[in-house]
Amino acid sequence: MDFHCHIDLYSNPKDVIERAKKEGTYILSVTTTPKAFPGTKRLAHSAPRIRTALGLHPQIAADRISELKLFDLMVRETDYVGEVGLDGSREYRSSFEIQLQAFRYILDSCEAIGGKVLSIHSRSAATAVLEELETRAKSSTPILHWFSGTQKELQRAISLDCWFSVGPAMLRSEKGIQIARKVPRNRLLLETDGPFAKLGKKVLFPEDTQKLIPQFSQIWNCSEADAFGQLSLNLRSIGHIAKYRV
Ligand code: MN
């Protein structure tokens, strides 16, 4: 599985989709603007294991805030919302208030419908994201993608019953490994964040998540078959949530 991938931003999305179909990879195809949603969804029309999420990336929220109207028009077309969230890093701090406005609007819109699964960006803004989730996301299922908060923030996210999607780039750092180790096993999903995320100079593709199975067998101190089994169970569980949770 690759539960956070920007299929539309690869240089050849059709190849990515054909390979995923051949490998049987389940993909959450996230978008960065509401405008990108219809075309990105269309790309995957022949791929039953791909789900397209409707998003507004916090790094471009300030430029695209007017697209929230489009968000409302399309939010009933999918169980999945992402990439959304907040970015408090230096480059984006100046737009933080607008990001917050957009994120709150999206969470409220999701809550009005209920049962959405959200793929959430929280770079340098984990506390602010968790505060919003606590008050505005009662029926939504939040997945914190590439979580990089502090131990305290991690514990708070766990107590809010958040899910976590973890990728090869995150597991290159000792901090990322420590986070993955502390996440409850039944709340963990795999992602690449391709084509943004790279391993060395190589852009990551959905099938690269297969290489994480040996890593999780080490992190969880179990066999590779058991790690695969746990992750498959998690994938089925989140799919079930998306369909039936209200
Ligand atoms: Mn992303």
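Order of appearance sets the numbers: ligands from 1, and atoms from 1 within every ligand.
With respect to the salt-bridge test (charged N to carboxylate O, under 4.0 angstrom), the residues Lys22 and Glu207 do not qualify.
The backbone N or O of Lys21 lies less than 3.5 Å from no partner atom in the side chain of Thr25, so there is not a single donor-acceptor pair.
Under the side-chain hydrogen bond (donor to acceptor under 3.5 Å, both in side chains) test applied with Ser119, the options His4, His145, Glu191, Glu83 reduce to a single match, His4.
Coordination check, His57 versus the Mn ion (ligand 1): failed, since every N/O/S atom of the residue sits at 2.8 Å or beyond. Within the coordination shell of the Mn ion (ligand 1), defined by N, O or S atoms under 2.8 Å, His121 is absent.
Rounded to 10°, the angle that NE2 of His4 and NE2 of His6 form at the Mn ion (ligand 1) is 90°. The Mn ion (ligand 1) forms the vertex of an angle spanning OE1 of Glu83 and OD1 of Asp193; to the nearest 10 degrees it equals 170°.
When only modelled atom types and interatomic distance are considered, Thr127 and Glu153 share a side-chain donor-acceptor pair under 3.5 Å.
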